[in-house]
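Data block below; observations after.
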Amino acid sequence: MMKPARLLKFPPDFLWGAATSAYQIEGAWNEDGKGASIWDTFCRQPGKIYRGQTGETAVDHYHRYKEDAALMAELGLKAYRFSIAWTRVQPEGSGRVNQKGLDFYSTLIDELLQRGIQPVPTLFHYDLPQALQDAGGWPQRETALRFAEYAGLVGRALGDRVPYWITHNEPFVTAMAGYFSGEHAPGIQDPLQALRATHHLLLSHGLAVQALRAAVPESAQIGIALNLSPVHPASDEKNDQMAAAAFDAVLNRAFLEPIFLGQYPLQLVAMLGPLFPEVSQEDLTTIAQPLDFLGVNYYSRAVVRHDPNFPLIQAAQVMPPGREYSMMWEIYPEGLYELLTRVWQDYRPKRVFITENGVPVPDDLDADGQVRDERRVRYLRAHLVQTHRALEAGVPLIGYLVWSLLDNFEWALGYRMRFGLTFVDFETQQRTIKQSGRWFAGVIAQNGVEDDA
Ligand code: IFM
C-alpha cells in the first residue's frame, strides 16, 4: 500500500514568492528617458547571444506590470522580487535623476502593496549603465561610490513602502561572467579586472547598505543575494579534493567571508598571489555591514576535479555521469539542505531568504492550452522538502522565491531557457499559468508541501 503523503508545514509568515530581474522581463529598453546599459550594448554584438536575441522587448513587463501583478495575486504570492534598472533611474549612472524611471517602480510597488504582495527590490542585477562601463566599470573603485549614491536616492524615493531590500544579485556572476569568461556583458576576459570587479562589487554592497540605512525606515530589512553551491570533489583523490576546496574559496567563501567575517579567505589570497587586489582594512570593515538577511540563490551543486590547464585555481567543473540533469545543471536537491546548514553554521546570518530556486524546462502549450511542466513541479517539490529539513535543523529561513514568475530572457542563452511558473508566448506576449504555477499556488494556500518520498 502507498504511504499517504505527509504535509510539511512552514512558519505562518513564510514569504512565498517569485523573482525576476529588470533586463530579463521589462523590455522598453529606451523608453521614458532610460539610458543604455551594458546589456543593451552587448546584445547588439554579433555572436554573443543565442540567435542574436535581445531584451529590448523581453516580456514587455514595463507595459504589462498590472497584468503581471494580477497573475501574482492569482498565484497567491506573498512576496515579489524584482530588480530596479539603474539606467531608468540614472540614465548615465550618476548625477541626473530620471523621475519617470522612479515613477515606474513607485507605481509597481503600489500595485503590489494593494494586492498584499511584499515588494523585494534588488538594486543591481547585471545591468550596469553603459556610461559607467565606458569609465571602466566595476574594476574601477569609482563605480562603487556611484552605486552608493544610486542606492541612497532609490532608498529615499521608495523606502517608505519597501520592507525588504537586496543590494546585489550574484556578484560572483557579475564579476566572473562579465570580466573573466566574458560570456556576459561587458564581455571582458581579464582575470585582473574580474578580481578588481569582485572587490568593488563587495565594497559597493557595504556602501549601499550604509546609504540605505540612512535613507529608509529602521524596520526595513536589508540583504544581498549570493549564488552559492556546495562544492564536491569528483573523486577521493587528493588533487580533486584540493581542487574542490579552491573552487569553494572562489565561488562561496570569496563572498561570504568578507560580508560576514570582514576578511577574504587566506586560501584565496594565497592562491591568487599578486593578482589579488590591495585591500585596506577600512574597505573590509565597510563590506562587513551587519545584514538583516542573507539571500541564497540555489540551483545545483558543483562537482570539481583537478585541472592543471585552468589558470590559477587549477580546478574545473565536471558533469558526473548517471545523474539527472535539467537543460542547464544537475538536479541535486540535497545540496540545498547542505548549503543552508553550512552557511548557518559557519556564518550565522540573522536570517536566510531563498531568493532564487528554479529549473529550465522545454515547456510548450499543449493542444488544450495547458502547460504540463511536471518536471518543474518535481524539482520545486524536492527543493521545498530540503528547505523544510533546513528549517527543522534550525536555519532561520524567512521565505522562498521561485525563479521565475515568467519565462524570460536568460542572458546569453536568450529565450531558449524557460524558467517561469507562467508560460509566455514571446510572439503575442500572452501569459498562461503553468501546471507548476497552479501547484505552487496550492503550496502557498496550504502553507506547506507534500513530502511524497
Ligand atoms: O536567470 C538567472 C538570473 O538572472 C540570476 N540567477 C540565475 C537565473 C537562472 O540562470
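What you see is a predicted model, and the numbers here were worked out from it, not measured in a lab. Every number for a ligand or one of its atoms is a count from 1 in the order of the listing.
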Checklist entry - Is Phe409 in contact with ligand 1, taking contact as a heavy-atom separation below 4.0 Å? => result no

Checklist entry - Below 6.0 angstrom between ring centroids: does that apply to Tyr126 and Phe124? => result no

Checklist entry - Which ligand 1 atoms does Trp329 reach within 4.0 Å, using its non-hydrogen atoms? => result 10 (O)

Checklist entry - What's the verdict on side-chain contact (heavy atoms from CB on, under 4.5 Å) for Ser94 and Tyr150, showing C-alpha distance, side-chain angles and the deciding distance? => result CA-CA 7 Å; Ser94 59; Tyr150 155 69; over 6 Å; no

Checklist entry - Do Ser21 and ligand 1 have an N or O pair less than 3.5 Å apart? => result no

Checklist entry - Of the choices Gln24, Met417, Glu410, Met328, which has the non-hydrogen atom that lies closest to atom 4 (O) of ligand 1? => result Gln24

Next on the checklist: If we count only N and O atoms by modelled type, under 3.5 Å, do the side chains of Thr355 and Asn297 hold a donor and an acceptor together?
Outcome noted: yes

Checklist entry - Where do Trp39 and Trp411 land on the ring-ring contact (aromatic ring centres under 6.0 Å, His included) test, with the steps shown first? => result CA-CA 9 Å; Trp39 275 92; Trp411 309 111; 4.6 Å; yes

Checklist outcome for this item: In short, salt bridge (charged side-chain N to carboxylate O under 4.0 Å, His left out) pairs touching residues 170-199 with sequence neighbours left out are none

Next on the checklist: Does the residue His125 have a heavy-atom contact with ligand 1, meaning some pair of atoms that are separated by less than 4.0 Å?
Outcome noted: yes

Checklist entry - With a cut-off of 4.0 Å, which atoms of ligand 1 are near a heavy atom of Asn169? => result 5 (C)

Next on the checklist: Taking 4.0 angstrom as the limit and counting only heavy atoms of Tyr126, give me the atoms of ligand 1 inside it, by number and element.
Outcome noted: 5 (C)

Item to check | Residues Asp292 and Arg213 bridged, charged N to O under 4.0 Å | outcome: yes

Checklist entry - Near Glu170, which atoms of ligand 1 are under 4.0 Å from a heavy atom of that residue? => result 5 (C), 6 (N), 7 (C)

Checklist outcome for this item: atom 8 (C) of ligand 1 sits nearest the protein heavy atom Tyr299 OH, 3.5 Å

Next on the checklist: Taking the ring of Tyr400 and the ring of Phe14, is the distance between their centroids below 6.0 Å?
Outcome noted: no

Checklist entry - Which residue supplies the protein heavy atom nearest to atom 7 (C) of ligand 1, what is that atom called, and how far is it? => result Glu356 OE1, 3.2 Å

Item to check | Sub-4.0 Å heavy-atom approach of Asn227 to ligand 1 | outcome: no

Next on the checklist: Is a donor from one side chain sitting under 3.5 angstrom from an acceptor on the other, for Gln267 and Arg253?
Outcome noted: yes

